Amino acid sequence: MTTKTRTGADCVVEGLRQAGAEIVYGLPGGAVLDMFSKLYHAEDIQFVLARHEQGATHMADGYARATGKVGVCLVTSGPGATNAVTGLATAYMDGIPMVCISGQVPSHMIGNDAFQEADTTGITRAVTKHNYLVHRTDDLPRIIAEAFHIAASGKPGPVLIDIPKDVQRAETTATAPESVNLAGYRPVSGYDRDEVKLLADAINEAERPLLYTGGGVIAGGAAAELTALARKANLPVTTTLMGLGGFPETDPLSLKMLGMHGTVTANRAVGECDLLIAVGARFDDRVTGKISEFAPKAKKAHIDIDPSSINKSVSVDIPVCGHVKDILEELIDQVEPRERSTWNEHLDELKAQNPLAYDQSTDEVLPQYVIDMVYKVSGGEALIVTDVGQQQMWATHFFDYTRPRTFLSSGGLGTMGYGLPAAIGAQAAFPEKNVVVLAGDGGIQMCFQELVVAVEHGWNVNVIILNNGHLGMVRQWQEMFYDKEYSATVLKQRGRPANEKIPDSSRREFLPDFVMMAEAYGAVGLRVTKKDDVVPALEKAFSTKAPVVVECIVKEDENVYPMVPPGASLDEMICSMA
Amino acid sequence: MKHFITLLVENQPGVLARIVGLISGRGYNIETLNVGPTDDPTLSRMTMTVPGDDHVLEQVTKQLYKLVDVIEVTDLTARREDAQGRD
Ligand SMILES: Cc1ncc(C[n+]2csc(CCOP(=O)(O)OP(=O)(O)O)c2C)c(N)n1
């Protein structure tokens, strides 16, 4: 067989095709024009033009989280690549499969401070699972195949391929290998049966076991197994932010989320359990609080695909390394059905005593009320994408997630600006789904420009802005821990501290006008200032066949409770300011 | 306590930076570092000393293993102490 001669840019398109990429998000520039001229003819690969590379990376990320497939983005050299860094870091922290292709200046100019040159592999080394600077066109087919393999296997993550312009233009006859074979990359396969046996015995003996589950359950496609295991042995389940949707929160065994803004019941259960089984979770500090006091009475087990995650911050008694799904399957066979009624009834009592609640009687528009109504009006069927801050935490409180990949949120990096572009990326994959963004008035401004992408494609995202006139979550920390000195957190025109004085703050209360912004982008804009208008506005938004922005002016000083103060142990929860 | 770690890595530009970046980026220190060729021209051998307790060593080793360019990680500490003991 003679292999056709084609350019590096051709190889990129070919590699994308072979990897099954349907959509590429990105933005062009001088260093990637060769690839764009090939994409122009690739009618089977949809290209979505973002308006900022951060937006493109979050779109690829949202696509990946919603579908489980590898998200792809394409950016130019220099500023294109540096703009992509936040999106790569976001995906890296949450283990999201992504391939980012960046252009680079021609090989002979690398190191010369050429126009739009940046050391992209150097800059992104710490925020990618792996990255490549491609030196020879002959290597390109192999590298693309490797990149997709690395991104999707083991603990998934973003991989960057930096391709100098001359490498895109030069010709090759090389093809991708039949299968990827990397001497230094062997994601865990299989697991140790003895370890699983040890864990099964521990579960069978435990009086007060607790499953603490994370994003690994979703990435590993193990939600059904987790549910079956929990139900068989009556093991209560608490999930991390990343784990939401991995276990149905409508199930009586669900304690909902644990950690800094977790439920009282979940955090108390951690303190009281005699066996803690971490499943695809990584003992993040927002989850554990003061690490030395995390689950003090418990024997600890940890199931994870990533060996480096085991014994990282907490040393465990029973480590089980391997695919979560396989291990859970085996555990289902080995655990004995047990009622555990004392433990579960105790937890039910805690739930009844400590519901997640807000003041229903007030006439003010509470942000919690809006989120609660989003849940009710959408019938719990929406794909929820949050930004970062208070609204993100309330989205964990007032929704019951029942299926994987229905709650997308930047967990590890906590990237403001994530919500809207990620929702667009997800909506591109599922044009018919009701995709709802929950965002604050701060974070929504970080990538608002991407709204036009939804409008032009007819993707009907619903953007709910909870406008509290503040960088709410930071304001909350200042109220609670910094003497109510609201430094740099007031977004309203009035009420700024002396050093941030605005010459004439009487003109308007809020800037910008989100309704006008929505309209400027061609979306529908609605503003809600009264409680009674919340439900009708949401009903209208969800039934409108166009992207809708609903700006809700909400009470400005609501706090997220419960809260474990930073550095405190989980049983030092604050449940109200009173 | 010091750990002597030896690595077999791909002989490629950027690999040293990747390894040093990983260790320093996670807050660990490298006291000595030596890089040399192997019989196989596509591979290099690195030997380094990393101060820290066993927990540090476990993390450094596991993190190094995660790097795609790292083929083998061996902790020489035990062997070295053994040899010194016999001297
Ligand atoms: C890019 C980025 N910058 C800063 C922060 C720190 N931060 C965390 S929450 C928050 C406030 C968010 O305010 P807003 O978007 O209005 O949401 P709210 O908390 O009011 O719901 C800030 C500034 C962050 N998470 N991300």
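Numbered from 1 within each chain, the chains take letters A, B, ... in sequence-line order. Note that this is a predicted model, so its numbers are computed, not measured.
When all heavy atoms of Ala17(B) and Arg125(A) are compared, the closest pair comes out as CB-NH1, 3.2 Å. Listed here is the closest heavy atom pair of Lys62(B) and Asn311(A): NZ-CB, 4.2 Å.
One distance of note links CZ of Arg18(B) with OG1 of Thr121(A); it measures 7.5 Å at 0.5 Å rounding. Between the CZ atom in Arg186(A) and the NZ atom in Lys66(B) there is a gap of 14.5 Å [rounded to 0.5 Å].
In the displayed structure, Asp113(A) atom CG is contacted under 6.0 Å by at most 12 heavy atoms of other residues, nucleotides or ligands.
Heavy atoms of Leu67(B) lying under 4.5 Å from chain A belong exclusively to its backbone. Looking at Ile150(A), only its side chain comes within 4.5 Å of chain B, counting heavy atoms on both sides. Only the side chain of Asp306(A) comes within contact range of chain B, judged by heavy atoms closer than 4.5 Å. Within the 4.5 angstrom heavy-atom criterion, atoms from both the backbone and the side chain of Val68(B) approach chain A. Heavy atoms closer than 4.5 Å to chain B are found nowhere in Ala126(A), neither backbone nor side chain.
With chain A as the partner, the residue from Gln63(B), Gln12(B), Glu10(B), Glu72(B) showing the most heavy-atom pairs under 4.5 Å is Gln63(B).
At least one side-chain heavy atom of His130(A) sits less than 4.5 Å from a side-chain heavy atom of Asp69(B).
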